[in-house]
Amino acid sequence: MQADPSSPSPSVAPEADARRWHGLNPWLLAAIGTFLLVNAASQWLVSGTADQDQAEQLLLSQSWALGYGAQPPLYTYLVKLLFQITGVALWPLLLLKVVLLFVLVLALVRCGELLALRRDQQLFALSGLALIPQFMWEAQRDLTHSVLATAVAALTLLQLLRLARRPRPAGFIGLGALVAAGLLSKYSFAIFAASLLLTALTIPALRRSLLRPSLALAVITALLLLAPHLSWVLNHSDQAMRGLEKTRSLGPLNPAGALAGISSAASSALAFLSPFSLLAAALLWPDRRRLHRADPQQQPGQALLQRLPLMLSAVLLVVVLATGATRIKDRWYQCLLFYAPLTVATLAPPLSGRRLQTLVAAGSAAAAAAALLLPGRTLLAGVTGLSNTPNHPLPQLLASLRQQGTPQLILASSGPIGGSARLIFPTVPVHTPRSLERGTARAAVAGERLLVLIDRDDDPAALNALTAAVLGRDIDPARLRDQLIEISLPERHGPLRRYPIRYAWIVGTERF
């Protein structure tokens, strides 16, 4: 009698049996969600100024496009849809981040359920996530695409584990949609997707679940969803590939570049995983001979998690050699190593109460420190002397210009002042020098009133090319500079320091 292919595979049934797992208290997940929400609210209350990445989204979300330069478009699509509901504001950007981070937590918890992890292992994984600064600090502070890509990567891992349990056609369609969403979130997601698939193929039980005709549904779904953006990439390769500049590439198969790239990748990975890796090593070292090595036949999901870091290292090595990248930033590992605490948790033997309490206490302390410092970095700026964008009174300065009328077009010297201008003048198109790079700057109509904005440390000359393109003729930089008026206000939480900006009103028919 032939087995039903939709029924759970015997080799994965032990992991899939939820009755073997001692679940987390639902109040813990509620507390995590509340923690993320409170952190977002505290930052919004102490400052209404958009940080660097938030300002970029305020600018990019002015229009629909198949591509927005060096980053894929999905995050901007979400922001634009959200703004159509809420209006242009800072708080929806913060709320979106809360949702994405909570999705990451829920996906990891659900992965733990499918892997039949013990309660102490689940607490180990969640506490470990809190001990990775990229999640506890950077992701809540200002990042955008990386957070979305990480949430999608966690859902992709979860979907693969579900397919291992029950390989249904609808599940493959979902997997293809998630892979497409990941690639539309951040291009580095391709490294994670390739590593995950290659690792799964090394495990017989997972290979049997994946290598079936339904896999074609995943491929077709992903290609259909990616087709519009891939078409844009082919026609705008100069913009799409501009992100490679951040890697300081020396060209493919360059020996010097390969050595520098490998060193950078290794050091950034260590920085990303600290202090979690240090504390986990200290807690597990006494039981190092009892570490659990998963049996691929009986526990294919846990084996997948344990092999994935090694496969990722191999794929990343190929990428470094192929691109000649010499600089790998630690934040790029968010969607590549988010599962590290879960992987280590699968290795952990039952932890004694004291050691588990130590790890949970460390994770709680990290969370408490983040909750204080996220708003505290702005509140204490006047004491520490450390300047940060949220402490700059850009919205208040620009709001004072609103009394002089509403422009038809705004030209801003940089992203932060341009994003703040969008908050104050939500219906007015705002362009920055990067608009010229993307080819999105429109020409001024005769008689239109334009507002030129120069941020504190920006050079007015940086706007020359943009202003000339918008006006449709060459300009006299000296004359524009003479028209600039400076205004200033005390910094939000540093009243002894004033923050200046410069502005000028010009008319589309004015001669320069």
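Any value given below was found using the heavy atoms of this structure, including those in side chains, with hydrogens, waters and symmetry copies removed.
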Would you mind reporting whether Leu95 and Leu37 have side-chain heavy atoms less than 4.5 Å apart? yes
Flag yes if more than 12 heavy atoms outside Arg438 fall under 6.0 Å of its CZ atom; otherwise flag no. yes
CG-OG distance between Leu78 and Ser185, expressed to the nearest 0.5 angstrom: 7.5 Å
With a 3.5 Å distance limit and no angle check, can you tell me whether Ser264 reaches the backbone of Ile328 through a side-chain donor-acceptor pair? yes
Checking side-chain hydrogen bond (donor to acceptor under 3.5 Å, both in side chains) against Ser61, which of Lys80, Arg422, Gln84 comes through? Arg422
Rounded to the nearest 0.5 Å, what separation is found between the CG atom of Asp455 and the OG1 atom of Thr432? 12.0 Å
When you measure from the side chain of Ser42 to the backbone of Pro375, do you find a donor-acceptor pair of N or O atoms at a distance under 3.5 Å? no
Pair Leu374, Trp137 - check side chain to side chain contact (heavy atoms under 4.5 Å, CB included), show working. CA-CA 8 Å; Leu374 283 167; Trp137 176 259; 3.7 Å; yes
Do side-chain atoms of Ser237 reach the backbone of Val233 as a donor and acceptor pair under 3.5 angstrom? no
May I ask you to check whether over 12 heavy atoms, not counting those of Arg242, lie within 6.0 Å of atom CZ? yes
Looking at Lys186 and Thr150, would you say the former's side chain and the latter's main chain have a donor-acceptor pair under 3.5 Å? no
So does Ala227 get a backbone contact from the side chain of Ser231, meaning a donor-acceptor N/O pair under 3.5 Å? no
So which atom in Thr343 and which in Pro309 form the shortest heavy-atom distance, rounded to 0.1 Å? CG2-CG, 4.2 Å
If you count the non-hydrogen atoms of other residues, nucleotides and ligands that lie under 6.0 Å from CH2 in Trp44, is the total more than 12? no
Supply the atom-to-atom distance Leu148 CG to Leu96 CG, rounded to the nearest 0.5 angstrom. 7.5 Å
May I ask you to decide if Ala381's main-chain N or O and Asn391's side chain share a donor-acceptor pair within less than 3.5 Å? no
In terms of side-chain heavy atoms, does Gln483 have a donor or acceptor partner in Tyr503 at a distance below 3.5 Å? no
List the atom of Ser274, the atom of Pro133, and the distance in Å for their closest heavy-atom pair. O-CD, 2.9 Å
Show your reasoning for whether side chain to side chain contact (heavy atoms under 4.5 Å, CB included) applies to Val147 and Leu101. CA-CA 7 Å; Val147 181; Leu101 289 172; 3.9 Å; yes
Taking the side chain as everything from C-beta on, heavy atoms only, tell me whether Trp91 gets closer than 4.5 Å to Thr86. yes
Backbone of Leu484 reached by a side-chain donor or acceptor of Arg502 within 3.5 Å: no
Between Arg497 and Glu491, does any side-chain N to carboxylate O distance fall below 4.0 Å? yes
Rounded to the nearest 0.5 Å, what separation is found between the OH atom of Tyr333 and the OG atom of Ser268? 6.0 Å
Determine whether Asp51 and Arg377 satisfy the following criterion, salt bridge (charged side-chain N to carboxylate O under 4.0 Å, His left out), listing intermediate values before the conclusion. CA-CA 13 Å; Asp51 220 326; Arg377 68 190 176 105; 3.4 Å; yes
Please name the pair of heavy atoms, one in Phe189 and one in Leu178, separated by the smallest distance, quoted to 0.1 Å. CZ-O, 4.2 Å
Working to the nearest 0.5 Å, report the span between CG of Leu90 and CD of Gln43. 9.0 Å
Would you say Gln408's side chain and Arg449's backbone share a donor-acceptor pair under 3.5 angstrom? yes
Would you compute the distance between atom CG of Leu342 and atom CG of Leu129 and round it to the nearest 0.5 angstrom? 10.0 Å
Quick one: do Trp64 and Tyr77 satisfy ring pair (Phe, Tyr, Trp, His ring centres under 6.0 Å)? Show the steps, please. CA-CA 7 Å; Trp64 295 103; Tyr77 289 172; 5.4 Å; yes
Any donor-acceptor pair under 3.5 Å linking the side chain of Gln54 with the backbone of Asp142? no
Show your reasoning for whether ring pair (Phe, Tyr, Trp, His ring centres under 6.0 Å) applies to Phe135 and Phe272. CA-CA 10 Å; Phe135 295 118; Phe272 176 86; 5.8 Å; yes
Side chain to side chain donor-acceptor pair (under 3.5 Å), that's the test. Do Gln57 and Thr76 meet it? Break it down for me. CA-CA 6 Å; Gln57 290 306 312; Thr76 304; 2.9 Å; yes
Determine whether Thr247 and Thr326 make a side-chain contact, defined as any pair of heavy atoms from C-beta on separated by less than 4.5 Å. no
Between Arg456 and Glu486 (salt bridge meaning N to carboxylate O under 4.0 Å), is one present in this structure? no
Quick one: does any side-chain atom of Asn39 pair with a main-chain N or O of Gln140 as donor and acceptor, under 3.5 Å? no
If you take all heavy atoms of Ser47 and Thr378, which pair is closest and at what distance? CB-CG2, 4.4 Å
Just checking, any donor-acceptor pair under 3.5 angstrom between side chains of Ser413 and Asp458? yes
